[in-house]
Amino acid sequence: MTDRRLEFIQIAEKYKPKMQIETVRPLNGVPTKALKDGDSVIFDFGNHYVGHVKLCLSSVGSHQDAPAFIKVKFCEAERELNEDSSNYQGWISKGWIQEEWIHADVLPTVLELPRRYAFRYVKVEVLAVSGKYSLVIDSVEADTITSAQENGLATCEGLTDMEKRIDEVAIRTLRNCMQDVFEDGPKRDRRLWIGDLRLQALANYATFGQNDLVKRCLYLFAGTADENDRVRSCLFTEPEIEGDDTYMFDYSLFFIDTLLSYYKETKDIETVLDLYDTAARQLEIAKEYFDEKHVMKDSDVLGWCFLDWNLGLNKQAGAQAVYIYSEKAMIELAHIVLEHGSKNVSIQDVESMKTDVANKICAAREHLFDETKCLFVSGENKQVSYAANAWAVLAGIWDDEKNAEILAALEKEANAEMMVTPYMHHHYVEALLSCGEKEKAYKHMTSYWGGMIENGADTFYELYNPENPFESPYGSSIVNSYCHAWSCTPTYLMRMCGLTEGNLS
Ligand code: RAM
C-alpha cells in the first residue's frame with residue numbers, strides 16, 4: 001500500500017463513529033409454560049433491530065439429566081419464520097442464514113450469543129430436553145447497536161400519513177445499516193458497498209446528517225483502491241480494513257458522484273482535494289471499456305457492471321450512460337477544484353473531458369438509440385430495459401422533452417426487462433423527476449415502497465418485485481436481506497427532492 005493510501009485509511013479511522021447501544025425486550029414477554037421437545041416460542045420485538053441477543057434459561061422438574069438442545073432463529077421479516085434452510089441450494093453462502101443450534105449442558109444458564117443479528121422476530125425451538133425436566137425461558141433481551149444518533153434526526157413537516165410511514169420505514173432502514181460504516185444490510189453482506197453508500201449518503205443528508213460517516217467511507221474506498229488506483233466495489237473493516245477483490249464498472253465510477261454530492265452537502269474542500277485524483281483515475285480506467293467509436297464494448301462476464309439484480313439484463317447501454325453521468329460529475333468536480341486554485345487539474349483537463357463526454361453522447365445517440373421505438377437498446381439482441389433507459393435519462397443523453405418521451409415509450413414496451421431492486425427503482429424515480437414527470441415519479445414511489453409497507457415491512461428490502469414475492473438472484477429468497485441500505489431513498493426523495501403529494505401541483 002502506498003503512503004498516500006495508508007494516510008487515507010488513517011484519516012478514515014479518525015472518523016470512526018461512536019456506537020449507540022440500547023437494550024430492548026420482546027413485546028410479548030416470556031412464556032409462562034415450561035417447554036418440552038417440539039415446543040417453540042416466537043418473540044416479537046415489535047420493530048427491526050440490529051444487535052446481540054441474550055437468553056436466560058432454566059429448568060423445572062427433576063435434576064437436568066441431559067443437555068437442553070435448542071434452535072434459535074432470527075428473522076427480519078415474518079415470512080422468514082416459515083422458511084426452511086435445510087434444502088437451501090443458492091449460490092451465496094448459507095452461512096448468512098441467521099440460525100443457531102445450541103446445547104445447554106447445565107441449567108440455569110445465560111446464553112449470550114456471539115453473533116450480531118438483524119431481526120424483529122426470534123424463534124426458539126426445543127429440539128430435545130428429557131422426560132424428566134422441561135426448559136424455562138426466563139428472559140430474552142437484546143443490546144441493539146447503531147451509529148445513527150436519533151437526537152440528530154431532522155424533522156419533516158407536512159407529510160401525509162402514508163408519506164410519514166414511508167419516511168419512518170426508510171429512516172429505520174438507514175439507521176439500522178449505520179454501523180461502523182454504512183453497511184449494505186445488517187443481515188447480509190454487512191459491508192461497505194459503494195453503490196449502496198452513494199444512496200445512503202443522500203438519505204443521510206436528509207435525515208441524520210452524520211456527514212463524517214460519509215467522509216470516513218470515502219476515505220476508506222480511496223485507501224483500499226488497488227495498485228492501479230481502481231476503487232473496488234466493496235470493502236471489509238474486520239479483522240482489519242481490506243478492499244474486496246470485486247470490481248464493477250459502474251460502482252468504481254460512483255466514487256466520483258458520491259464525492260461530488262458530499263461536497264455539495266458539506267463544502268468540505270479539503271476532502272475533495274485529497275480524493276480528487278482517486279476520482280479522476282476511475283474515469284481514466286473506465287475509458288478502456290470503449291471501442292474506437294466511443295461505444296461501450298459489451299461483455300458477458302457476470303457482474304462486470306451492476307445496474308440491477310436482474311440476471312437477464314444486458315449492461316452495455318446502461319454502462320455507457322453511467323459513464324456519461326459520471327464524467328459530467330467529474331467535470332463539476334474539476335471546476336470546484338479549479339476554483340480553489342488546486343494544481344491537480346488544468347483547464348485543458350476540463351476541455352478534454354468535455355470533448356470526451358460529447359463523443360460518448362453522440363455515440364450513444366447514434367449506436368444505442370432506436371429512433372422508431374424512441375428507446376435505448378443494449379447488446380447484440382438490442383435489449384430494451386428500464387435500467388438502460390432510466391440511466392440514459394439520468395445521464396441527459398437527450399433533452400428533458402425527449403427524455404419524457406423515452407420514459408413514456410418504456411411504459412408501453414411489453415418486452416422491456418424490468419427492475420427488481422429498490423436500488424434500480426430509485427434511479428427510475430429520479431429519472432422521471434429529472435425530466436419533469438413529478439406525478440409519475442410520486443405514484444411510482446408510493447406504490448412501490450408503499451407496497452412493501454402493505455406487505456408488513458418495518459424496514460425496506462434488498463429486493464422487491466411485486467409480481468414475484470420470492471424474487472431472488474441468489475437461488476433462494478432465504479438469504480435475501482429485508483433491511484437493505486439502497487432502499488432507504490424515499491426519505492431523500494421526499495425531503496430533498498420535494499416528492500410529496502403537497503408539492504405535486
Ligand atoms: C448485493 C449487496 C449490495 C450490492 C451488491 C451489488 O449483493 O448486498 O447491496 O451493492 O449486491
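We count residues from 1, following the sequence as given. One-based numbering, in listed order, for ligands and for the atoms of each.
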Ring geometry between F306 and Y251 (parallel below 30°, tilted from 30 to 60°, perpendicular above 60°):
perpendicular
Between F119 and F45, what is the ring plane arrangement, given parallel below 30°, perpendicular above 60°, and tilted in between?
perpendicular
Present, as a list of atom pairs with distances to 0.1 Å, all nitrogen or oxygen contacts under 3.5 Å between ligand 1 and the protein.
| residue | atom | partner | partner atom | Å |
| --- | --- | --- | --- | --- |
| ligand 1 | 7 (O) | R188 | NH2 | 3.2 |
| ligand 1 | 7 (O) | Y474 | OH | 3.1 |
| ligand 1 | 8 (O) | D184 | OD2 | 2.6 |
| ligand 1 | 8 (O) | R188 | NH2 | 3.2 |
| ligand 1 | 8 (O) | D189 | OD2 | 3.3 |
| ligand 1 | 8 (O) | H484 | NE2 | 3.0 |
| ligand 1 | 9 (O) | D196 | OD1 | 3.1 |
| ligand 1 | 9 (O) | D196 | OD2 | 2.8 |
| ligand 1 | 9 (O) | H484 | NE2 | 2.7 |
| ligand 1 | 10 (O) | D196 | OD1 | 2.6 |
| ligand 1 | 10 (O) | Y251 | OH | 2.7 |
| ligand 1 | 11 (O) | W309 | NE1 | 3.2 |

Cationic tip of K267 above Y263 ring, under 6.0 Å, 45° of axis:
yes
Tell me whether the rings of F460 and W449 are parallel (<30°), tilted (30 to 60°) or perpendicular (>60°).
perpendicular
So is R191 actually on top of F236's ring, under 6.0 Å and inside 45° of the axis?
no
When you compare the side chain of I453 with that of V169, does any pair of heavy atoms fall below 4.5 Å?
yes
